[in-house]
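Owing to the predicted nature of the structure, the values given are computational and were not obtained by experimental measurement. Indexing begins at 1, ligand by ligand and atom by atom, following the structure's order.
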Amino acid sequence: MPDNITVAGVAVDTRHWIGGLRVASAGTFTDHSPIDGSELGEIARGGPAEAEAAVAAARDAFPAWAATSHSDRARILHAIADGVEKRIEELAIVETTDNGALLRSHRRGVMPRVAHNFRFFADWLLKLEHEDFETREHTNHVSWDPAGPCVLITPWNAPLMLATWKVAPALAAGNTVVLKPAEWSPLTASLLADIAAEAGLPAGVLNVVQGYGSEIGDTLTSHPDVRRISFTGSVPTARRIAASAAGNLTPLSLELGGKSPLLVFADADLDLAVDLAVEQYDNAGQVCLAGTRLLVEEPVAEEFTRRFVERASALTQGDPRDEATDIGPTIHPRQLEKIDGFVQRAVAAGARAVVGGHRKDGQYYAPTLLTDVAQDSEIVQEEVFGPVLTLQTFAGEDEAVRLANGTRFGLAATVATGDRDRAERVTARLVAGTVWVNCFFVRDLQAPFGGSRQSGVGREGGTWSFDFYCDLKNTVTAPKGWNQSHG
Ligand code: NAD
């Protein structure tokens, strides 16, 4: 197997990155581009031995990195951000070729945000503090201590963005990292290893292992030397990881799937509401936060549907490298099958496809809107993770809230209304980690992020990230017992 492949003109090392060295595996797996199904290359297929080696490297590198001053850690994280910024074009085209999301959003939104992940957590580290407090004349001092090696496992829908949202705070906290990217989009994690090394991150502080989760995952998540596991992905995988981590009671952060509602009240600005609804097709609907259940108040349902159909039918679908494209391909033939299965079963059960409802050539799925769906049906209850929305109507706030909260998920919710009092009443009753009012996807790194119910466990973001990645310690010092000569 060649050690390097060239993807859209960019050289990418296909091996693991362990202890500051490139390491091959006996086996490989083939990485394909969702744009046209072409083979991109053979990637190292890690297993238990590579997982053991990566955790050992992270364990060995931990004491020195944990002892590195906050300002030195922050400086290196900023240097990584500089390296990302220098390579935005390369990262963007490799990511688009690998996972099919739009090049223009990788270029202008995602990759700058990747750099920002490092800058933000570097700066947050430097201002992290809890004021000392006195209790019965004793001083309490709270510190965020580095916890140890962290295993970070990420999905394919926003590979580098989601990886660095975990890598940056974990490193800032003084931990070492084993990153396991998704096997359907392994490439930018390898480029990140290059960038981190060039930025001066010591060997073993960041390790990247490639491979199938089913083959390499268990060794990572059940390892007694691993102190934190942060996972973004599906609910079934999260269950396996939680079971595997249970032996050591390793603390987990789980960012999982969703089936989020988008509520449109009759008093909403309908143009804005339609814009928000059409936005849910971004990344071909492969977005955990997507508001895939449109809930529309009865008096405006007909007009909303008419305007939505007009807008959705005009979307351009095709090559994600083309500036004019609105919707690219789905990630993998298996994902396409899964999406179509959901839609065909829904239609067989009585749903009506008022937009789309079918595959297109290659790995593309037509943006789809299904009406006449029942609240307890599969299509309303289960995450599709494709460009498929459902539309239900409601009469009044109580029914809106009942439908919105009526799944096992609780990741996000969006409310379109022109009435501030209604917004306050309704948002207070919604079960979701993030609620947007008259907007969507506005997300700052200092906000807590995560899901309620089966959409996740825990929150990351700002100080919450440090709370997760650190061992919080309270040191209580008595006023007495001091050697006089030292005051
Ligand atoms: P997935 O659960 O299939 O895989 C995610 C990662 O887990 C991959 O790297 C995979 O290799 C790894 N994995 C698989 N089995 C494993 C095991 N036994 N042990 C350890 N690791 C294992 O998810 P996916 O299909 O890649 O991603 C889509 C899912 O991710 C959707 O449900 C989506 O909603 C969710 N997601 C959530 C968020 C969020 O922030 N809440 C963000 C993006 C995606």
Exercise. In terms of atom number and element, which parts of ligand 1 are under 4.0 angstrom from non-hydrogen atoms of Glu183?
Worked result: 10 (C), 11 (O)

Exercise. Looking only at protein heavy atoms, which one is nearest to atom 19 (N) of ligand 1, and how far off is it?
Worked result: Gly217 CA, 3.5 Å

Exercise. Side chain, backbone, both or neither: which part of Ile216 has a heavy atom under 4.0 Å from ligand 1?
Worked result: neither

Exercise. Can a donor-acceptor pair be found between the side chains of Lys259 and Thr407 at a distance below 3.5 Å?
Worked result: no

Problem set entry | Minimum-distance protein heavy atom relative to atom 15 (N) of ligand 1 | Thr237 CG2, 3.4 Å

Seminar exercise, completed: Between Ile43 and the options Leu187, Thr28, Val12, Thr30, the side chain to side chain contact (heavy atoms under 4.5 Å, CB included) test singles out Leu187

Exercise. What protein heavy atom sits nearest atom 41 (N) of ligand 1, and how far away is it?
Worked result: Leu256 O, 2.7 Å

For this session: Give the contacting part of Pro181 toward ligand 1: side chain, backbone, both or neither, where contact means a heavy-atom distance below 4.0 Å.
Result: backbone

For this session: Of the side chain and backbone of Leu162, name the one, both, or neither that has a heavy atom under 4.0 Å from an atom of ligand 1.
Result: side chain

Exercise. Under 4.0 Å from ligand 1, counting heavy atoms only, is it the side chain of Ile241, its backbone, both or neither?
Worked result: side chain

For this session: Run the numbers for me: atoms of ligand 1, each under 4.0 Å from some heavy atom of Phe449, listed by number.
Result: 40 (O)

For this session: State if Trp184 counts as touching ligand 1 under the rule of any non-hydrogen atom under 4.0 Å.
Result: no

For this session: Among all protein heavy atoms, pick out the one at the shortest distance from atom 36 (N) of ligand 1; state its residue, atom name and that distance to 0.1 Å.
Result: Cys288 CB, 3.5 Å

Exercise. Nearest protein heavy-atom contact for atom 12 (C) of ligand 1: which residue, which atom, what distance?
Worked result: Ile153 CG2, 3.6 Å

For this session: State if Gly450 counts as touching ligand 1 under the rule of any non-hydrogen atom under 4.0 Å.
Result: no

For this session: Write out the residue and atom name of the closest protein heavy atom to atom 25 (O) of ligand 1, then the distance separating them to 0.1 Å.
Result: Trp156 NE1, 3.0 Å

For this session: Identify the protein heavy atom lying closest to atom 31 (C) of ligand 1, giving its residue, its atom name and the separation to 0.1 Å.
Result: Glu383 OE1, 3.4 Å

